[in-house]
Amino acid sequence: MEPIVYVLDEQVRDLLTHLTSAGTLEEGVAFGFDDWTVFHAYTEKPFTTPSGIVCPCFAVRADTAGMVDETRLTSSVRARTDLSERPAVVLVVDTHSDGTPQCRALIVSHSKMAAADTRFVPRRSELYSRNAGLLETSALAAKKVVVVGLGSGGSPVALDLARAGVGQFTLIDFDRLELGNISRHVCGINDLGRYKTLAVRDQILQKNPYASVTTMEVNINQALAPVEEAVAKCDLLIVASDNDQSRFNLNQMSLNHNRTALYGRAITRAAGGDVLRVRPWTGPCYNCVFSSGLIDGREEEMSQKRQALAVLPAYVEEDKANAMIQVGLSSDIAPIANMMVKIALLELSRGQETGISTLDEDLKADFYIWANRREEAYAAWPLMNYKWTRPSILRWYGARVERDPQCLVCGGHLKADTPLQGIVQ
Amino acid sequence: MAWTSQQSARLRLEMEILERYFPSFYLKDSIIPGRACVEGIIRSNSGAEYVVRLHVPADLPNSVPDLEIVSPFLHDRFGHSLVELGTSYPMHLLKPEGGLVRICHYSASHWNPNITFAKVLLKIRAWVEGYEGHIETGFPIDHFLPHMQA
Ligand SMILES: [Zn+2]
C-alpha cells in the first residue's frame, strides 16, 4: 500500500500564495503513524495538539510546467536533515489549470524516495455536509455557545455540539486535568495537567477545525464581570459546573441578558441526574426550581475534594471531604450529557425548519429527570422488567415546574434601578 | 466593579426587611461590592447586646454572607476566648478573621438566593441564646442549637 499523507486544504492555499518561486524549500512538520504508512503534514503550526511521531516536512512549489527535479529535491532534503531514524514528508504544491490547489507528497527516507497518496482535509463546508439533512449546518456554524464547567459533563456536551457543526465556543473552567478525571473525561492521559478548557478546545478543533474557540480560565464566582460579558454575547448558555453558587450567579446573568440556559448535573455516584432548561422570564428560573425542592444541593455528585470542601463547613475534617468524593461511571454521565446536547441543538435551531423540529413538541417540560440505578433518590422505584407504564430507570421523565411567584430572583420583588443612597446611613 | 442594578434593588429590599425586623441594622461602605457590610445590635432575652456585622457578598444574593460578632469580646464558660478556640463544630464557629468570631449559620449547600439577611440574623439571634445557655450551663452551643445536615 502506498503511504497516505493528509494535508489541510487551507494550508496548501496559504502555501501557494507565499511560495512564489519554484525550488525553495519551506519547512513544516509532519506526524507519522503505524510504520510510516500514514502521515499528517502541516506547513504551519498545527491548530490542535497533534499525535504521532514527529517527522521533518518540507514544501516546495513545482515549476511552471508543473515539474520538480526529484533527484535534486531528494538530495537537498537529505542534506538538510538526518533521516536515519524517520523519513521526511515532502509536499509539492501547484495549482490546477482551473486554479484549484494541487498537492502531491513524497516520502523521503535515507535510502529511498516514494510517492504517497495525498488527501486534503477539506474546508468547513464539506466537513459537516452530512448533517445537513437533520440540521441547518450553516446556521449552527454561526451560533455561539458558552460552556461553563469542562468536566465529565461539560466536555462531552461541548464536543458533541462541535460534531453537530456548532461553530463558536467560549469555554470557562479553572480546573486542570488530573489523573482522577481521565476515566470520565473526553481528554486522555496526554492532556494531564493542562487546563480543561485548553484540552477540550483541542478536542473541539479535532472535530471541527474551523470552530472559533475562546477560553477563560477563571472561577466564575470571582470573575463575574468578564463571564457576564461572555454570556451577554452567546446564543445559549450551558452550565455543567459543580456548585450551586456558580449556578445562581449564571442564572442571574441568563436572566439579565435574556439568554436561554441549560443546567445539567449528576447526583451522588451518578445514580441519576437532571437537566433543566431556563427560558428567562417565560419559564421557571434556576432558583424557582431549586426552591421547589426538586434540586437539592446536598445530593450533588462530588467528584473532587475542592468541590466537597467548598460546601462543607470549615470545621469538617479532610477525611469527611475525601469520603464525599464518590463518582459514577462515564456511561452514567453520558445520558445526561446527551440530553443536554439534544435540547441545546433544539434551542440553537429554533425558528428554522429542521429534521429535529418535532422534538420541540415532545420536549415541553423544562425539567428532566433520569435514573441510572435504583439507589439514592430512586431507591423506591419499581423494577424496570417489561413494564413501560410506570417509572423506571434508564428513561427520561419531564416534570412540570412552574415559576415561583415568591422567587426573589425572577418573581418581580425587586424594584429596578432604585438608587442605593436612600438606604445608606 | 459596582453593584448591578438587580443587586442595588436587592440591597434595598434587604434593608426594607431589616427595618421591620432588625431596625438597628444599617449599611456601611454600601457602594463597594466586597466591602459593603450591614451592622447592628442583636439583643438577647436576658437583655445583653451584641454588635453583629454581616458582610454583603460581592455576588449578592448568590453566596453565604460572612457574619461576625464585633463586640463584646466573647469567652466561653471556662474563660477561653472564642477567637482562640478557632473553628469549632460544637460552638458553630468558623475560622475567625481579623480577631473577630465568625458564626457558621448557613452552609453553602443550604444557601439559595431566597434567603434574606433577616433570615440570617434570626439564626444569629438563636446562636446568641445558645451562647448564653452555654455560659449558664457549660453545655456546648450545639446542645441548644442542632446542626443542619451537611
Ligand atoms: Zn425564579
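Heavy-atom basis, side chains included; hydrogens, waters and symmetry copies ignored. Below, chain A is the first sequence line, B the second, and so on; all start at residue 1. Keep in mind that this is a model prediction, so the values were computed, not measured.
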Between B:N112 and A:N287, is a side-chain contact (heavy atoms from CB on, under 4.5 Å) present by the stated rule, with each step listed? CA-CA 7 Å; B:N112 70 67; A:N287 188 48; 3.9 Å; yes
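Closest approach of B:W111 to A:F248, counting heavy atoms only: O-CE1, 3.4 Å. Of all heavy-atom pairs spanning B:A9 and A:L414, the tightest one is CB-CB, 3.8 Å.
A distance of 4.0 Å separates CG in A:N256 from CD in B:Q6, rounded to the nearest 0.5 Å.
For a residue to count as touching a neighbouring chain, one of its non-hydrogen atoms must lie under 4.5 Å from one of that chain's; by this rule A:Q252 touches chain B with the side chain only. Neither the backbone nor the side chain of A:N251 comes within less than 4.5 Å of any heavy atom of chain B.
No side-chain heavy atom of B:I115 sits less than 4.5 Å from a side-chain heavy atom of A:L408.
For B:H75, the ring-ring contact (aromatic ring centres under 6.0 Å, His included) partners two or more places apart in sequence, or in a different chain, are B:F73. In this view, A:D332 and A:R373 satisfy the salt bridge (Lys or Arg N to Asp or Glu O under 4.0 Å) rule, not counting sequence neighbours. Residues passing the salt bridge (Lys or Arg N to Asp or Glu O under 4.0 Å) test with B:E39 are B:K28, B:R53, sequence neighbours excluded.
For A:Y397, the OH atom sits in a packed shell: over 12 heavy atoms of surrounding residues, nucleotides or ligands are nearer than 6.0 Å.
Close approach to chain A, defined as a heavy atom under 4.5 Å from one of its heavy atoms, is seen in B:A58, B:D59, B:N62, B:S63 of residues 56-70 of chain B, taken by number.
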